[in-house]
Participant: 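My questions will all concern the structure given below.
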2 protein chains.
Amino acid sequence: MEALLEATARILVREGYDRASTNRIAALAGVSVGSLYQYFPNKESLVTALVARHTREMLQLLQDAMEEVATLDLESALRELIRAMIEAHRIDPVLHRIFDEQVPRMGQLAEIEAIERETFALVRNYLEARRDEIAVADLDTATFICVTTVETLTHEFVIQRREAGKGEQAAFVEEITRMIFGYLRPDLPAV
Amino acid sequence: MEALLEATARILVREGYDRASTNRIAALAGVSVGSLYQYFPNKESLVTALVARHTREMLQLLQDAMEEVATLDLESALRELIRAMIEAHRIDPVLHRIFDEQVPRMGQLAEIEAIERETFALVRNYLEARRDEIAVADLDTATFICVTTVETLTHEFVIQRREAGKGEQAAFVEEITRMIFGYLRPDLPAV
DNA sequence: AGAATCTGCGAGCTATCGCTCACATTGTCT
DNA sequence: AGACAATGTGAGCGATAGCTCGCAGATTCT
């Protein structure tokens, strides 16, 4: 089962979604197609399981960072969370990109939407706790903007500037931090 | 040809990318498969042409807005540009979403990357002209952040809050404007 | 009018897909 | 060792994909 998920990931990366046939996946995993269909009722559930596992790994990193950051001031906390998001995207950027770009949104994806809602709730919860330091009207909107912005920017950064050095990454984190912090606290200069 | 592009768009929206077969597209366009292959050498080029047309339409809206905004102060200009981006996404949000989520990145997509570089250049050029009002170290990074952020946020807004009223949209534009403006001018309060 | 050219047609080719099922192999219990 | 269950196998089924090509009707030229 683990071998099947790994094989699926590697085939998706190497061949793309439409060339990722169940036969090829089974072959790379070293089992027969028949066995594949004993563990997963169909191709969709196999892919869904892989997406879910990957998304949960990323969420885990964010949760860990969230705990480590509890005692910091808002700006430092944001910086660490954004750094953590970049680390999360470094788990398997190419695979994550294929999920984004090629894997069709399917029925069973409800499970993944649940994970995404967990992410949203996690961030919203954090902002709620700092409510008095944050100067935005609607917390839901603010959460939506923060999550979407940070997710996309860190994703694109990892994809496009794959070979970025530590310094370049730190500078990028600083930029996003400044933007988000400035957004949450518009009445205070960020510098 | 126009009929074929329209048919492709409608099939993509109604059936999704994998079910968008050349036979179905030709049938909906009211021509035969044979004719389809007189205009487009293969399916890829047909889809690429559609993506390119759509992307260019959106870029056109942005360019128009850019001209109308030339005389405004930075903050008002940003607000109008962001509003224009939402309008651009309203052209055909569902189709745009399918391009994002399902259409695989293919070879001929070079043409589309060119259009995206044009967008980047357009924004970079604008920021360059306002260089003295902008307090950001690296203009390329700033452009990258602005383009990516605004594109994603307006996209997600149009998709997720499809039925949003004028007021809700205005409030959202205000939030993004404040964030971007605050990012470009960190030393001044945005309120 | 007849020849020549062009345009559009769609049955059907080959390839590949997700998936099944009759069978082989391995493991467990008496 | 032999019986039975559980697990693994892979040739092959039906469906469907992208695409071809021999042909029919329309159009232009002589």
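Per chain, numbering begins at 1; letters A, B, ... match sequence-line order. All values reported here derive from a predicted model rather than from experimental measurement.
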Participant: How long is the span from the CG atom in B:N125 to the CD atom in B:E118, to the nearest 0.5 Å?
Facilitator: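 B:N125 atom CG to B:E118 atom CD measures 12.0 Å (nearest 0.5 Å).
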
Participant: So does B:R53 have more than 12 non-hydrogen atoms from other groups sitting under 6.0 Å from CZ?
Facilitator: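 Yes, because the 6.0 Å sphere around CZ of B:R53 holds more than 12 heavy atoms from other groups.
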
Participant: More than 12 non-hydrogen atoms from neighbouring residues, nucleotides or ligands closer than 6.0 Å to CZ on A:R124, yes or no?
Facilitator: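 Buried by this count: over 12 neighbours within 6.0 Å.
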
Participant: Describe, in one word, how the ring planes of B:F99 and B:H54 are oriented to each other, choosing from parallel (under 30°), tilted (30 to 60°) and perpendicular (over 60°).
Facilitator: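 Because their plane-to-plane angle is over 60°, the rings of B:F99 and B:H54 count as perpendicular.
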
Participant: Could you tell me how far apart B:I25 (CD1) and C:dG10 (P) are, to the nearest whole angstrom?
Facilitator: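 After rounding, the gap between these two atoms is 17 Å.
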
Participant: So A:H96 and A:H89, would you call those rings parallel, tilted or perpendicular, with 30° and 60° as cut-offs?
Facilitator: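 Answer is perpendicular, since the angle exceeds 60°.
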
Participant: Heavy-atom count around B:R130 CZ within 6.0 Å, excluding the residue itself: above 12?
Facilitator: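 It does: B:R130 CZ has more than 12 such atoms within range.
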
Participant: At the 4.0 Å heavy-atom cut-off to chain B, mark where contacts on DNA chain D begin and end, going 5' to 3'.
Facilitator: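 For DNA chain D, the relevant span reads D:dA17 to D:dT20.
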
Participant: Under 4.0 Å: is that the gap between some side-chain N or O of B:S32 and OP1 or OP2 of C:dC9?
Facilitator: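 Affirmative; the distance criterion is met.
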
Participant: Which helical stems does DNA chain C take part in, if a stem means at least 3 consecutive Watson-Crick or G-U pairs with both distances below 3.5 Å?
Facilitator: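 In DNA chain C, stems of three or more pairs: C:1-30 with D:1-30.
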
Participant: Which part of the nucleic acid, if any, lies within contact of B:F40, taking any heavy atom under 4.0 Å across all strands shown: a base, the sugar-phosphate backbone alone, or nothing?
Facilitator: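 If one applies the 4.0 Å heavy-atom cut-off, B:F40 turns out to touch nothing in the nucleic acid.
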
Participant: Any link between B:V103 and B:V13 through a network of hydrophobic side chains (Ile, Leu, Val, Met, Phe, Trp, Tyr) touching at under 4.5 Å?
Facilitator: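 Yes, B:V103 and B:V13 fall within the same hydrophobic cluster.
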
Participant: Considering only NZ, NE, NH1 and NH2 on the basic side and carboxylate oxygens on the acidic side, decide whether B:R10 and B:E15 come within less than 4.0 Å.
Facilitator: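 Here B:R10 does not pair with B:E15 in a salt bridge, since their nearest N and O are not under 4.0 Å apart.
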
Participant: For nucleotides 14-20 of chain C, read 5' to 3', which letter fits each nucleotide if B means a protein heavy atom sits under 4.0 Å from the base, S means only the sugar-phosphate is that close, and - means neither?
Facilitator: ---SBBB

Participant: Is it the case that the side chains of A:E175 and B:Y183 hold a donor-acceptor pair, with the cut-off being a distance below 3.5 Å and no angle test?
Facilitator: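 Their side chains do contain a donor-acceptor pair, which is all the 3.5 Å distance test asks for.
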
Participant: In this structure, are over 12 heavy atoms from other groups packed under 6.0 Å from B:R131 atom CZ?
Facilitator: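 Yes, CZ of B:R131 has more than 12 neighbouring heavy atoms, counting only those of other groups under 6.0 Å.
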
